[in-house]
Amino acid sequence: MTRLAVIGAGSMGAQIAQQAALHGVDVRLQDVSQEQLDRALASNRALLQRRVDRGRLPAAELEPALARVRPAGDLPAAVSEADIVIEAIVERLDAKRDVFAELGRVAPAGAVLASNSSTMGISRLADATGRPDCCCNMHFFYPPLVMDLVEVVRGPETADETVDRAMAFAREMGRTPVLLRREIDGFIVNRILHMASQEAYRLLDAGVATFEDIDTAVEKGLNWPMGPFRLGDFSGLDVTYNARLHMYQTTGDERYRPSRQLEAKVRAGHLGRKTGRGWYEYPPEKG
Ligand SMILES: NC(=O)c1ccc[n+]([C@@H]2O[C@H](COP(=O)([O-])OP(=O)(O)OC[C@H]3O[C@@H](n4cnc5c(N)ncnc54)[C@H](O)[C@@H]3O)[C@@H](O)[C@H]2O)c1
């Protein structure tokens, strides 16, 4: 059985760790913030308890699955026995490079060193480790306890064995991997999503339809579970905005320029569900 270390216990890391633990994997989870680590474990408990309450997880599996995610006090302790490390810290190049440099120093020889970054191809991090052949992207989707896909992306120096192990591990933790044979901005899903949502924003900015009607058209006509505006609220409009800005700045392609209406929402702090208001309004849940 593979031993996993997850570095960063935010929205992604906490659930990646728990997803693997549900499939019997021993996980060490680490974060620079002890408070965040505590929150991650509490949130995983609440999510799994809800599954038990709904009859979707046998009650007897609850405590063992939670106990398989063990918090670690620092990175060396987290990775000391890891076969695979998944980095899921803040989306900042300098911070990620520091983590990868430390992984290069302390991770066991031969461990796969993966980044969950949505925007940074592994070639921007791998050289910091001194063992770029062991590095790749493993890009999960939010929320990782629900979303089935993992995009495994090989960098220019990634070894075949690293790719094979990352693909196999994604399956071991109950997820479906796809392989990108070379690095490309936005990987597969976000490239396609960006083009669809860019078109939705273009229709909105041109006054062709309301955002509600564009969502309805996409949901009923394409059978997508959420239209682009509802999905934006769900993911966080700041996340959508920053991803677009990144694509625009790195490609210079006008098609990626963030919509003015999206920018206005972000400036106003209307970021979607997490702030109670985005394109739609989300009254606080009662009780
Ligand atoms: N949120 C998404 O929808 C999503 C989807 C796919 C991929 N990602 C990627 O996952 C990564 C994490 O995103 P998130 O949404 O979970 O962010 P988040 O802000 O919720 O969590 C980041 C966590 O990293 C911790 N951290 C920061 N520096 C650290 C360090 N040096 N060592 C250990 N922990 C550190 C922070 O304390 C925080 O808890 C990013 O690279 C992002 O691109 C996010």
Side-chain angles (χ1 to χ4, degrees), residues 5-19 27-44 47 69 71-79 82 85-107 113-122 124-125 128-129 135-153 170 175 177-178 180 185-191 193-194 197 226 231-247 250 271-274 278:
V6 179
I7 310 302
S11 332
M12 296 300 295
Q15 290 196 27
I16 292 169
Q18 192 60 65
Q19 174 63 25
V27 188
R28 303 300 307 268
L29 179 62
Q30 187 259 334
D31 199 287
V32 281
S33 155
Q34 180 61 42
E35 201 188 335
Q36 181 59 37
L37 204 46
D38 294 343
R39 235 193 329 256
L41 299 177
S43 156
N44 282 343
L47 289 169
V69 179
D74 57 21
L75 185 143
V79 306
V85 181
I86 298 177
E87 168 278 311
I89 72 160
V90 279
E91 191 71 349
R92 281 206 346 256
L93 183 61
D94 55 341
K96 286 190 191 287
R97 284 188 64 85
D98 286 348
V99 164
F100 273 78
E102 193 171 6
L103 289 176
R105 288 191 296 272
V106 301
L113 309 177
S115 173
N116 179 49
S117 174
S118 295
T119 63
M120 290 173 212
I122 198 64
R124 300 179 69 192
L125 307 170
T129 62
C135 300
C136 66
N137 293 92
M138 286 183 78
H139 182 227
F140 292 76
F141 290 80
Y142 183 79
L145 275 168
V146 176
M147 296 294 285
D148 187 12
L149 185 69
V150 181
E151 292 176 315
V152 174
V153 188
R175 291 292 170 248
V178 292
L180 277 79
D185 251 319
F187 308 146
I188 297 174
V189 170
N190 283 339
R191 280 180 91 88
L193 177 65
H194 283 190
S197 85
M226 286 188 225
L231 180 62
D233 276 1
F234 185 73
S235 321
L237 295 182
D238 51 337
V239 175
T240 311
Y241 176 77
N242 289 331
R244 248 164 227 297
L245 195 62
H246 168 81
M247 292 289 273
T250 52
L271 304 181
R273 278 177 186 274
K274 62 186 171 188

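Each ligand, and each atom within it, is numbered from 1 in the order the structure gives. Keep in mind it's a predicted model, so treat the numbers as computed, not measured.
Listed here is the closest heavy atom pair of L93 and L125: CD1-CD2, 3.8 Å. For the pair F100 and T129, the tightest heavy-atom approach, listed with the atom from each and the gap, is O-CG2, 3.2 Å.
Checked against side chain to side chain contact (heavy atoms under 4.5 Å, CB included), L37 has the following partners two or more places apart in sequence or in another chain: A9, L29, D31, Q34, P71. With sequence neighbours excluded, no residue forms a salt bridge (Lys or Arg N to Asp or Glu O under 4.0 Å) with R124. Annotation: salt bridge (Lys or Arg N to Asp or Glu O under 4.0 Å) contacts of R191 (sequence neighbours excluded): none.
Salt-bridge formation is not detected for the pair D233/K274: no Lys NZ or Arg NE/NH1/NH2 atom is positioned less than 4.0 Å from an Asp or Glu carboxylate oxygen.
A distance limit of 4.0 angstrom between heavy atoms and ligand 1 selects the residues I7, G8, G10, S11, M12, Q30, D31, V32, Q36, A88, I89, V90, E91, K96, V99, N116, S117, S118, H139, F140, Y142.
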